[in-house]
Novice: 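The structure under discussion is supplied below as structure tokens; questions concerning it will follow.
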Amino acid sequence: MFDQKGFAVATTCRDVRHLYDAYLDGELSPSLAAEVQAHLLQCPECQREVEMARACGHLIASDPGAPVLPDDFASRVVAQLDQPQTILPMPPIMTRRQRRRVLLERAAAAFVPAAAAILLLVVLIVPPGSREPESPRVVLGDSSYRPIDALGVREWVGPTFSTLQSTGRMADELQGLYHMTVREAESRIPIRPEPYLTAVPVPTLPDGSAFLTELLNPLIQVLSAPPPPPPDDEIVRF
Amino acid sequence: MIRSNDNSDGRLAVDEERGLIRAAQLGCKESARRLILSHQDRLSAFIYRMIRDRHDTEEVCQEAFLRAFGALRTFDFQHRFSTWLFTIAYRLCLNAMRKSRDYAGGIDFTSMASTHRHPATEADDDVPDSVANTDEARRLRDVIWNSVEELTPHQRAAVLLFYREQMSCQQIGEVLDMPAATVKSHLHRARLKLRETLAGRMADGWSSVRFDASAG
Ligand SMILES: [Zn+2]
């Protein structure tokens, strides 16, 4: 590591620990890689850790360790492809954007008929001849509790108003339905799985794991040998 | 690079894979079979490492293939077949895990996970090194897989796809349905956690077993 003036200062374990993965992946710049290497030369503990990470990666990459599928697995799957009723639909796999689009489409699908119904009612409520610019608002807002009906508004507002109320209920129902479909859609799309807590002991594999020994031998060497103090002349100091 | 990049596990070249998918889309069963054969072992290993159940592994594996072929007409040739397949399988794994967690009633088996291996015995001194090492290697392997098991499903999937499938963060993001940057941080945290878990187990388990044995 370098201080503000660019002078190399002592590299501590903490400085380089977060770089080990990138170091093993070969993703560090040559200068950073050299720094990590220098630290590893003088720090047996970190050397161990890197060796462990390396062995761990190798093992995860190449240990088969999984149950072997039956020999006729592929043929059986192909045979099932012949029967249309066994072909399963895709599980809901959508990107966030697709998911949002589907939800919006559903919202639009629920919204358009409701809006159309309300619009239609507003048009019906106000007969063409008597339409004043503000009359729909008056009818919708005030008619239900107006005691005097001098203009005979009630006569025709009454039935339409109840229709309007039932339209409101319908809209609520549509709304509810929409929420239900959203909930259902979300329940079918696993978005945030909870942490998986159950773990089962690893079954032991049959013998003949010579490759395993070979794979893990470097680490075993490192682990088995008591960490030797690095000879002075090999220490690269910063 | 610590990721294996051998081609010996039957991985298909891009062109060959596309040809097989096109043929399978037109109903060619032999092409479908070859696609399955070249992916089944990798897929079942991934599923097994995710759900940890031998019986369910085959079932989930089969379902993943059936679903993939059921929707093959919509396959996007910009992707690899494996990305598509693992995406389906990952979803199915999450569902299977949810089911088995409900079934297990939320019991945490983690503490039982690392106790089934016999530690090396004092007989180690009398046997050739290679045998002792095989035992140690097996123990080490168990320790490593147990640590992998303790990662969250996201982290575990990311680690498996990174090391075993050599997928980029971008590809892993497609499988897990998250941005590549999020995958990167999952992966970083997962690897750090693995190192810490292993360091802890090596410190209190490994060295004492090994050193006691050779001292006695
Ligand atoms: Zn260090």
Side-chain angles (χ1 to χ4, degrees), chain A residues 18 20-21 24-26 48-49 52-67 69-70 73-78 80-81 86-96 190 193 195-205 209-210 212-213 215-217 219-220 223-224 226, chain B residues 1-4 29 32-33 36-37 40 44-45 48 52 54 57-58 62-63 65-67 69-71 87-88 91-92 94-95 97 100-101 104 108-110 112-113 116 133-134 136-138 140-142 144-146 148-149 152-153 159 163-164 177 188 191 194-195 198-199 202 206-207 210:
Chain A
H18 67 281
Y20 291 158
D21 292 329
L24 286 169
D25 294 349
R48 248 175 162 220
E49 188 166 336
M52 205 152 61
R54 197 198 304 270
C56 189
H58 277 308
L59 181 97
I60 294 172
S62 50
D63 183 10
L69 292 168
F73 176 82
S75 309
R76 271 197 288 133
V77 175
V78 170
Q80 273 180 280
L81 292 176
T86 63
I87 293 188
L88 298 158
M90 275 285 285
I93 296 161
M94 288 186 273
T95 63
R96 262 160 234 278
Y196 177 47
L197 291 174
T198 54
V200 183
V202 181
T204 50
L205 275 189
S209 30
L212 197 66
T213 310
L215 189 70
L216 298 173
N217 235 348
L219 178 56
I220 291 165
L223 289 169
S224 304
Chain B
M1 272 318 250
I2 44 176
R3 296 197 265 168
S4 84
K29 280 177 210 145
R33 214 176 72 89
I36 296 171
L37 280 174
Q40 63 178 38
S44 75
Y48 176 64
R52 314 293 297 130
R54 275 165 192 274
T57 294
E58 190 183 332
Q62 177 167 321
E63 191 176 344
F65 277 117
L66 287 177
R67 284 183 189 251
F69 282 106
T87 305
I88 295 173
R91 298 290 168 135
L92 295 174
L94 289 184
N95 289 342
M97 274 151 56
S100 76
R101 190 189 55 218
D108 185 359
F109 293 109
T110 323
M112 297 150 67
H116 65 286
N133 280 348
T134 301
E136 283 159 8
R138 269 204 227 98
L140 192 53
R141 176 186 51 194
D142 289 353
I144 290 174
W145 281 122
N146 285 340
V148 172
E149 229 169 83
T152 66
V159 161
Y163 283 120
R164 296 186 75 95
D177 188 23
H188 183 70
R191 292 167 86 181
L194 276 180
R195 272 173 19 213
L198 288 175
M202 294 306 160
W206 182 271
S207 51
R210 177 61 188 157

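The sequence lines fix the lettering, A, B, ..., with proteins before strands; numbering per chain opens at 1. Note that these values count all heavy atoms, side chains included, but never hydrogens, waters or copies made by symmetry.
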Novice: Quick one: closest heavy-atom pair of P67(A) and S44(B), and the distance?
Specialist: O-OG, 4.0 Å
Novice: Once rounded to the nearest 0.5 Å, what's the spacing between atom CD1 of I60(A) and atom CZ of R191(B)?
Specialist: 9.0 Å
Novice: Which heavy atom of C56(A) sits nearest a heavy atom of L194(B), and at what distance?
Specialist: SG-CD1, 4.1 Å
Novice: What is the minimum heavy-atom distance between E58(B) and P70(A), and which atoms define it?
Specialist: OE2-CG, 3.4 Å
Novice: Any sub-3.5 Å donor-acceptor pair from R164(B)'s side-chain atoms to D63(A)'s backbone N or O?
Specialist: yes
Novice: Is there a side chain to side chain contact (heavy atoms under 4.5 Å, CB included) between R195(B) and D21(A)? Walk through the geometry before answering.
Specialist: CA-CA 10 Å; R195(B) 272 173 19 213; D21(A) 292 329; 3.2 Å; yes
Novice: Hey, mind stepping through L59(A) and W145(B) against side chain to side chain contact (heavy atoms under 4.5 Å, CB included) and telling me if it holds?
Specialist: CA-CA 9 Å; L59(A) 181 97; W145(B) 281 122; 3.7 Å; yes
Novice: How long is the gap from CG on L140(B) to CE on M52(A), to the nearest 0.5 Å?
Specialist: 9.0 Å
Novice: At their closest point, which heavy atom of F73(A) faces which heavy atom of Q40(B), and how far apart are they?
Specialist: CD2-OE1, 3.2 Å
Novice: Mind checking the CG-CD1 spacing from L69(A) to I36(B)? Nearest 0.5 Å is all I need.
Specialist: 11.0 Å
